[in-house]
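Working notes for the structure below.
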Amino acid sequence: MGALTRVEGEGALHLTVADGKVTDLRLEIFEPPRFFEALLRGRHASEAPDITARICGICPVAYQMSTVHALERLFQVPIAPPVRALRRLYYCGEWIESHALHVHMLAAPDFLGCESIVSLAQKERPAVERGLRLKKVGNAIITLLGGRSVHPVGACIGGFTRAPSRADLTPLREDLARAHDDAVACVRWVAGFDLPDRHLDIEFVSLRHAAEYPMNEGRVVSSKGIDCAAEEFDDFFEEHQLPHSNALHAKVKGRGPYFLGPLARVNLNFDRLGPDVAAVARATRIPWPNANPYTSIVARTLEILYAIDEARRIIDAYEPPGVPAAAFTPRAGVGRAITEAPRGSLYHVYETDDRGVIHAARIVPPTSQNQAQMEADLRELVPALLRRSQTEATRLCETAIRNYDPCISCATHFLKLEIEHQ
Amino acid sequence: MIRIIGIGSPFGDDAAGLEAARQLAAAPPPDTEVVAADRPGSELIELFDGAEAAILIDAVHAHTQPGTLHDIDLHALASRRIRMVSSHALGVAAAVQLAITLGRAPARGRVLGIEIAPTTCCAPGCLSPTASAAVERTVIRARQWVTTLRARAAD
């Protein structure tokens with residue numbers, strides 16, 4: 001059984017250079033295994049959403065959602081339309097807060113010559129204030145539906161432990177109306193950055209839904225022709241272990257690395273963003289779709305805008321469900337689901353017995369799936385950096401890594417770059 | 001108004017700040033507002049809004065004896081080598097620094113840091129005897145600072 005490793009840990013980039021050429025490149029993740037998949041074994045399915053919410057402090061909703069969808073598919077739980085809408089609202093909240101955090105606190109300083117959010121605030125105070133307002137709106141949505149914004153507890157198999165009234169949602173509606181303007185300004189702000197012009201041969205992968213921009217549901221599609229259900233994930237993708245990383249690497253079978261996250265979603269679902277967001281996207285003068293990983297930050301802001309508008313639509317149409325959560329009867333079998341975490345597709349598999357006790361769990365997070373793609377990106381980038389100073393090369397490598405918003409992004413602010421010259 | 005902000009998570013001794021806030025909220029000093037903030041990250045900045053002064057209480061690791069009470073000026077926090085216990089993108093020290101940069105930190109304030117050590121019990125409400133004793137001293141110190149900060153405001 002593979003160990004779940006992955007989040008909020010330290011990373012290092014190890015390079016070996018011989019005769020001016022990169023002969024070895026390893027993005028090392030040495031965060032110790034966290035064994036969540038083992039922790040889930042022997043626990044009842046009803047406990048799983050609260051356990052998986054602990055995996056990540058930034059994107060707990062995604063872990064909860066992939067868990068409940070996989071188990072509901074297995075137990076064949078009917079989900080009422082208002083509950084489905086609330087889950088989409090919940091996910092909007094997470095995208096807004098996670099993306100706003102990454103854009104302002106982690107990525108934007110890279111493009112504006114700032115060391116941190118604090119120095120960015122000295123230079124671009126209104127933009128930082130705007131980012132904090134956006135993040136606050138996202139947190140407010142998660143708190144309303146999840147009980148708290150960090151490791152929320154509101155989601156359960158069948159729905160939520162409590163469904164809000166229409167009046168509960170009214171203050172959010174007002175905040176979201178203001179946030180729309182902030183989000184449009186945010187898109188324009190990042191589109192004005194001096195983004196490097198690099199285009200890679202990338203296979204983008206994301207969910208695609210028949211009618212919606214994908215969050216909780218859809219088929220897995222890729223820019224090179226994959227179109228499969230979550231149940232077929234292992235027919236097209238494979239994970240493998242490498243000695244230098246405690247996170248499993250992943251690749252498309254028979255091909256190679258693939259790229260998950262906001263840029264993949266925008267590229268593969270531009271027609272699902274709706275006319276208003278699409279118009280803002282076109283006004284950036286960035287071509288969509290595109291294969292420049294540095295435009296990820298712009299894609300991220302487009303998703304903030306989309307999530308704000310979608311949250312408003314959901315709240316406007318909301319009628320509380322009759323019961324907050326549908327009852328369910330456990331059954332033996334295997335349930336699988338993929339939802340779109342802020343950083344990309346998050347695949348969960350659970351095997352239970354007829355009492356609902358989990359016998360096996362498998363969690364495939366986006367950061368580990370993106371790891372091989374990050375290395376491929378760096379392998380192409382690094383030769384041009386070898387004549388730069390260590391400080392400058394480190395900064396440029398960090399910037400490239402942060403395009404993927406890895407869950408080790410906190411640690412990659414302290415990326416240790418080792419260059420071994422032979 | 002002086003806002004007292006207890007920070008932490010519900011688990012083990014990391015709850016020291018939350019427990020101090022709970023005890024202070026049971027009998028709050030006059031003209032204060034007591035808030036318990038579960039890992040607030042950047043939302044700490046909003047908790048400063050409307051406060052003339054603030055007292056932050058949090059668990060810290062500063063390589064001193066467990067139970068040690070660190071009493072630091074809010075505006076000096078960024079220069080101290082004390083790491084607030086946080087695994088999130090914006091820790092307490094960084095959030096305070098950002099608030100100061102944005103002009104959103106109150107002019108006066110203290111940070112009361114309770115030195116904690118790893119404990120065997122991480123369950124909610126499972127505070128070690130050392131941390132419990134430190135929380136009691138911190139609550140007394142917080143009350144003293146309310147008086148002092150109010151007197152300074154009157155000067």
Side-chain angles (χ1 to χ4, degrees), chain A residues 7-10 31 34 54-60 97-98 100-107 109 114-140 142-143 146-153 402 405 407-413, chain B residues 5-12 14-15 17-18 21-22 35-51 58-59 61 74-81 83-105 118 122-125:
Chain A
V7 293
E8 286 198 341
E10 287 199 29
E31 174 79 4
R34 294 176 64 200
R54 299 276 168 181
I55 291 173
C56 182
I58 310 295
C59 51
E97 67 86 16
S98 177
L101 183 152
H102 184 265
V103 166
H104 297 88
M105 297 185 194
L106 302 177
C114 297
E115 197 177 69
S116 68
I117 178 76
V118 175
S119 50
L120 180 65
Q122 290 164 347
K123 194 173 182 177
E124 300 255 0
R125 179 175 169 172
V128 171
E129 293 272 20
R130 189 174 60 218
L132 292 173
R133 286 196 300 273
L134 287 167
K135 186 173 184 309
K136 185 181 176 186
V137 171
N139 282 346
I142 298 173
T143 302
R148 59 190 186 201
S149 63
V150 181
H151 305 314
V153 291
R402 275 194 280 276
D405 186 11
C407 251
I408 55 161
S409 49
C410 305
T412 53
H413 266 285
Chain B
I5 307 167
I7 297 166
S9 77
F11 307 106
D14 193 31
L18 302 179
R22 192 190 65 77
V35 179
D38 184 345
R39 296 156 286 184
S42 61
E43 286 180 65
L44 181 62
I45 296 165
E46 283 140 34
L47 293 175
F48 288 145
D49 289 347
D58 196 5
H61 278 162
L74 180 71
H75 288 258
L77 181 65
S79 62
R80 292 289 294 259
R81 291 174 61 88
R83 186 172 67 88
M84 296 291 168
V85 178
S86 170
S87 63
H88 300 284
L90 205 62
V92 171
V96 168
Q97 203 177 0
L98 183 56
I100 292 169
T101 306
L102 295 172
R104 291 176 65 178
C122 287

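Chain letters run A, B, ... following the sequence lines, proteins first and then strands; every chain starts at 1.
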Within this structure, what is the [atom1]-[atom2] distance for the pair [X] and [Y], rounded to the nearest 0.5 Å?
| X | Y | atom1 | atom2 | answer |
| --- | --- | --- | --- | --- |
| Glu46(B) | Asn139(A) | CD | CG | 8.0 Å |
| Thr143(A) | Asp38(B) | OG1 | CG | 10.0 Å |
| Lys136(A) | Ile45(B) | NZ | CD1 | 11.0 Å |
| Phe11(B) | His151(A) | CZ | NE2 | 7.5 Å |

What heavy-atom pair brings Leu98(B) and Ala121(A) nearest, and what distance separates the two atoms?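 Here Leu98(B) and Ala121(A) meet closest at CD1-CB, 3.5 Å.
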
Is there a side-chain contact between Leu132(A) and Leu102(B) in this structure, where contact means two heavy atoms from C-beta onward sitting under 4.5 Å apart?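 Yes - at least one pair of side-chain heavy atoms lies under 4.5 Å apart.
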
Qualifying residue, where the test is side chain to side chain contact (heavy atoms under 4.5 Å, CB included) with Ser42(B) and the options are Glu97(A), Lys135(A), His104(A):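 Only one of Glu97(A), Lys135(A), His104(A) forms a side chain to side chain contact (heavy atoms under 4.5 Å, CB included) with Ser42(B), namely Lys135(A).
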
